[in-house]
Amino acid sequence: MTEHSITRHQTDILILGSGGAGLFAALHAHKADPDLDITVAVKGLLGKCGCTRMVQGGYNVAIGTGDSVERHFMDTIEGGKWLNNQDLAWTLINTAIERIHELENELGCFFDRNQDGSIHLKAFAGQTYDRTVHKGDLTGIEIINRLAEQVWARRINRLEEHRAVALVPASDGSRISGVLLIDVRDGSFHFVQAKAVLLAAGGGPTMYRYHTPSGDKTCDGMAMALRAGLTLRDMEMIQFHPTGLIAGRETRITGTIIEEGLRGAGGHLLNGEHERFMEKYDSRGERATRDIVSRAMFEEMRQGRTGPNDGLFITMRHLDHDLVRRQFKGMVERCADCGFDLVDGLVEVVPTAHYIMGGVEYDTSCRTSILGLYAAGEDTGGVHGANRLGGNGVANSTVFGGIAGDAMSPWVNAEGTFAEPDQSVIDATLERTLHPFGKPQGNLLDMRERLEDIMWDDVGIIRDPERLNRARQSLADLEAELNETGVAASDRAFNLTWHDWLNLDSLILVSKSITEAALARENSRGAHYREDFPEEGDLETSYFTTARLSDGKIDVGTSPVEFTRVRPGESLIREESAVA
Amino acid sequence: MTTETVSEQEFEVEIWRGRDSGEFVTYRVPQRESQTILDVVSHVQRRLDPTLSYRFACRVGMCGSCAMTVNGVPRWTCRTHVDLVAKDGHIRIEPLRNLPVIRDLAVDMVPFFDKWERATGQFVPSDAGNRQTFARVPPESRERQEADAGIECIGCAVCYSACDVVAWNADYLGPAALNRVWTLVNDTRDGGKPEHLAAVAGDAGCHQCHSHQACMTYCPKDINPTAAIAGLKRATVRSVLRGEL
Amino acid sequence: MKYAVALRNHPTYWAFVLHRVSGLALAVFVPVHLYTLSLAVEEAARFDAFLEWTEAPAVKIGETLLVVLLAGHMVGGLRLLALEFLEWRDWQKSVVAITLGIALVCGLLFLMNAF
Amino acid sequence: MSGRAEVWLFIAQRASAFVLAPLVIVHLATMIYAIQGGLSAEEILARTQGSGVWGAIYGLFVLAAAIHAPIGVRSIVREMTPWRGRSLDLAAVLFGVLIVVLGVKAVGALV
Ligand SMILES: Cc1cc2nc3c(=O)[nH]c(=O)nc-3n(C[C@H](O)[C@H](O)[C@H](O)COP(=O)(O)OP(=O)(O)OC[C@H]3O[C@@H](n4cnc5c(N)ncnc54)[C@H](O)[C@@H]3O)c2cc1C
Ligand code: HEM
Ligand code: SF4
Ligand code: F3S
Ligand code: FES
């Protein structure tokens, strides 16, 4: 059994992922007790993968004069169509204020200023106040660079290019024991035994034909959570960004974001016949909210009025060229690098899957239902409800990452122990992950594209039972096919094709939970739109969906939303007249 | 619909296979309108040779994971259109120089990050516990402008790979790390100026730079580490003359 | 080889090469020059013989080269001093060309006068 | 070598370069001027001997070069050969001393 040999490590706290959630957790856990042995394991290089780095718009926080926690909270709840876990949202909004100061004063993020030197707050769609802190339109680079530097400078262990493949419970099932990982560089297996584990692998809806997240994100965290028996909530809630670049399937640039500000600045959306169409759908035209624009575009595409790559167009050519060039420098350059002229041409665009609102159920201390296992960031669900406000994503990951770090250290010191792992889980994971080496090679790219088509066409922006049921079947077929598809056994070191296989494995499982949750929600809220149930349903009796894996099948259920702080129809904002 | 009967155009690329020792292998890749070097590499791995190793993450020039040497020059491959480099119809892709090769096109970036850390490329808070206010920093102030000029570095190591002094002096901290320290020296909120200057003054530091300017020539983000390093040279000289270093 | 040059084929790198080669050449030449000078001056006859030898065209060319190197090194050195001690300006590449120009003009002047 | 020492070397090299620049200009100019119509020992010596100004100029030249060149050569050697450390530093100092000795002799003979 030499090929199954597993290297064992021990660490007090193991953190999976190095986005805003993972790195903040590491820093806070270290600050709480510098003597603890802390390890960050990440699929790519520390700080260079994941989506926190890709944040463009910025970070929502209620610090402007006239703004308030209550106002930000109400925007979040209303944006989330009353499905949010209100305690989580409340924690987010309060702690964001502390976190943004910490980012600026302690970690060194250098956010943009007003002329007088005070912090600049910009507007973000769907919000009643300008409350978005930013660094140009590359806020994420600033945040992650500063976090990564601080982590490098501390005695925090790094397991870079180590991919987690299973959350391993203790042999008696009482708590977490550790995590099984693959060292991407040499293909070897590692079991890291830990007293506490943080799941912060960042979700990411990369099972859709067009998607924005970085290539390393393939819902591994959510898949591991399902396999470990955790419950995911709100999985039908997939946010689409209206304008992703489309340049053909063969280029990785397809799906990446074209800035929303372009529409705000007067950019026009055109269909394949070069006609504007948004007015047909909404009086605000191109300036309507993300979900409305995405749906209108999807409809237009379904009617077949598309461009050469089956997308639509955005154009700025009717605007002052110099202004566009100046105001959207980064975007203009990025388009030019891929051969598009944003200033004077048409750029083909398509709605693109951006964010998963759903995720692991957890509490305001980031605890999950497994003792010692914590979760934070985009892997979790409940904060955003049915829709995430732009700017609440990075706030979410940094706020709860920090909270998880604060919680884990004292807990490890008080109650943490190294538990013996459940060997059957390790064996089953080895079996599953090594499985493709025993099978005839197949075309994984083709399978990935088929998955993306299934999800885009049948579990996409506009849903109906017929398509969802078809998707259910197609996903089952695809899963069966994957299990018969192999990878060349030549060399496991840095074997991307093996990881492509594992990516598909995670994506299919999580896609199934999205499909089942979408079938279960028989109304249209936020990001979820059912053609057969276009109404939002009774707010008072709002429920959220839950999904669990049992005996290889996704079990969905629903739970009533608890309005712990505010009920539909009410508001926490007192001076109502002040709202613009 | 266009009726296309001619088979698609193809071109040849040579890709490094192996570690320190290895060889170039030639592949034929179909030509596309929107095609970056990363797409070429991906095509080879996904369609022609599943064992090819390389690295990328964001796909849009934000993460700095995908840098490789293309026709001798280090570049961010996700934002390098094939037409830009294939003027004579030939493309050769190698791993970045000056870093150990893990396999094929993937290098070990740890030395690069370690030097960033050794150069004290991290903020030293002067107002750590403050949860109420932000330092006032006028955007037009000279310091802020200096800091802003270099702050959007994505840590791609293109400059590090392009610099001959890095190749000649294994300890040399390199342009990216020094550039970061210069942004900190200009950060009016930073409380670690003496440490920063001491860290970049040694025989691995800023004075080893001979202003080759390869770093600024190839930096995909148009950052100018040469100017940053010159700034550090002045700052360290000033502090030595004042007897502070 | 083609690729090794590609990386370094930008004006400021060539300026560095010129500066380094000239610096090294001067460092070799200066002691030799000082030595011959002191020897020769002590015996005027030998100095004249030496000067006569320097009339040979090959030697003239060599001397011209040294003048170019000295001038080039100096102007290049001034460029570096400006780069390091003055605020950054975006004229770096033009300065490289100017450096080269001045060095060549010095060499030309020297040559014109020499024959 | 400590950070401070390294900075001092940098200062010394740049300062000596600064001093050398005008001297080289003068030297180049006189050379181009002097060789007009050929030159002889007498002519050269006639110009230089007994002249305090020329003595000062060339004295300074030698001194600055003795500081400037060894530092430059030392860094070239460090970068392009495996030779580093104490022995190299010592060699650089000796090189500087050599220039001074030869220079003093030459200037002495000329003036
Ligand atoms: C293009 C883009 C723009 C965005 N703009 C904004 C914005 O303007 N404002 C805003 O608020 N939000 C924005 N978001 C959303 C925001 O980026 C995310 O909500 C947030 O950053 C998620 O943080 P995270 O730490 O949970 O995950 P990430 O930052 O994605 O980090 C996840 C980490 O887990 C690692 N990982 C994954 N799988 C494994 C595994 N199996 N083993 C080990 N490690 C693993 C990944 O490699 C990565 O390091 C944007 C997202 C995208 C994609
Ligand atoms: C007698 C004359 C001179 C000699 C022998 C000489 C020699 C050298 C040498 C050997 C170097 C090292 C080159 C390198 O590091 O690559 C050097 C560097 C330098 N020289 Fe000169 N030099 C002379 C005159 C000058 C003059 C007149 C100037 C300018 C005014 C000058 C400015 C410089 C500068 C700035 C450097 C540093 C270059 C770097 O580190 O990259 N030198 N010189
Ligand atoms: S300075 Fe430029 S080239 Fe160097 S690491 Fe930063 S972004 Fe890359
Ligand atoms: S290329 Fe290297 S030598 Fe200096 S100017 Fe840039 S660090
Ligand atoms: S993949 Fe992120 S910079 Fe190229």
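Proteins get letters first, then strands, A, B, ... in listed order; numbering begins at 1 in each. Remember, predicted model here, so these are calculated numbers, not experimental data.
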Please flag which part of [X] lies under 4.5 Å from any non-hydrogen atom of chain B: side chain, backbone, both or neither.
X	result
A:L496	both
A:R146	side chain
A:F340	side chain
A:I63	side chain
A:R448	neither
A:C51	neither
A:D446	neither
A:E333	both
A:N105	both

Between [options], the one whose heavy-atom pairs under 4.5 Å with chain A are most numerous:
options	result
B:C63, B:A57, B:S126	B:C63
B:H43, B:E33, B:M109	B:M109
B:E152, B:E117, B:R79	B:R79
B:L52, B:V110, B:T133	B:T133
B:R118, B:R59, B:R47	B:R59
B:A135, B:C156, B:P138	B:A135

Relative to chain A, which segment of [X] carries a heavy atom at a distance below 4.5 Å: side chain, backbone, both, or neither?
X	value
B:V124	neither
B:A128	both
B:C78	backbone
B:I154	both
B:L84	neither

Looking at [Y] and [X], is there a salt bridge between them, counting it only when a charged N and a carboxylate O are closer than 4.0 Å?
X	Y	result
B:D49	B:R17	yes
A:R158	B:D114	yes
B:D108	A:R185	yes
B:R32	B:D39	no
B:R131	A:E104	no

Donor-acceptor under 3.5 Å (B:Q35 side chain, B:P30 main chain)
yes

Any donor-acceptor pair under 3.5 Å from B:D148 side chain to B:Q145 backbone
no

Chain B shares the most heavy-atom pairs under 4.5 Å, among A:A247, A:G248, A:S214, with A:S214

Counterpart residues, side chain to side chain donor-acceptor pair (under 3.5 Å), relative to B:N179 (two or more places apart)
none

Interatomic distance, A:I143 atom CD1 to A:R99 atom CZ [nearest 0.5 angstrom]:
11.5 Å

Got a second to check how far A:I144's CD1 is from A:L138's CG, nearest 0.5 Å?
13.5 Å

Do the rings of B:Y54 and B:F56 sit parallel, tilted or perpendicular, given the 30° and 60° boundaries?
parallel

Tell me if the CZ atom of A:R155 is crowded by more than 12 foreign heavy atoms within 6.0 Å.
no

Neighbour count >12 (heavy atoms, 6.0 Å) for atom CD, B:Q132
no

For the rings on A:H101 and B:F134, is their centre-to-centre separation under 6.0 Å?
yes

A:H120 and A:H134: aromatic ring centres closer than 6.0 Å?
yes

Are any of the side-chain heavy atoms of B:R75 and B:V73 separated by less than 4.5 Å?
yes

Identify the residues of residues 180-190 of chain B whose heavy atoms come closer than 4.5 Å to a heavy atom of chain A, ordered by number, or report 'none'.
B:R180, B:D187, B:R189

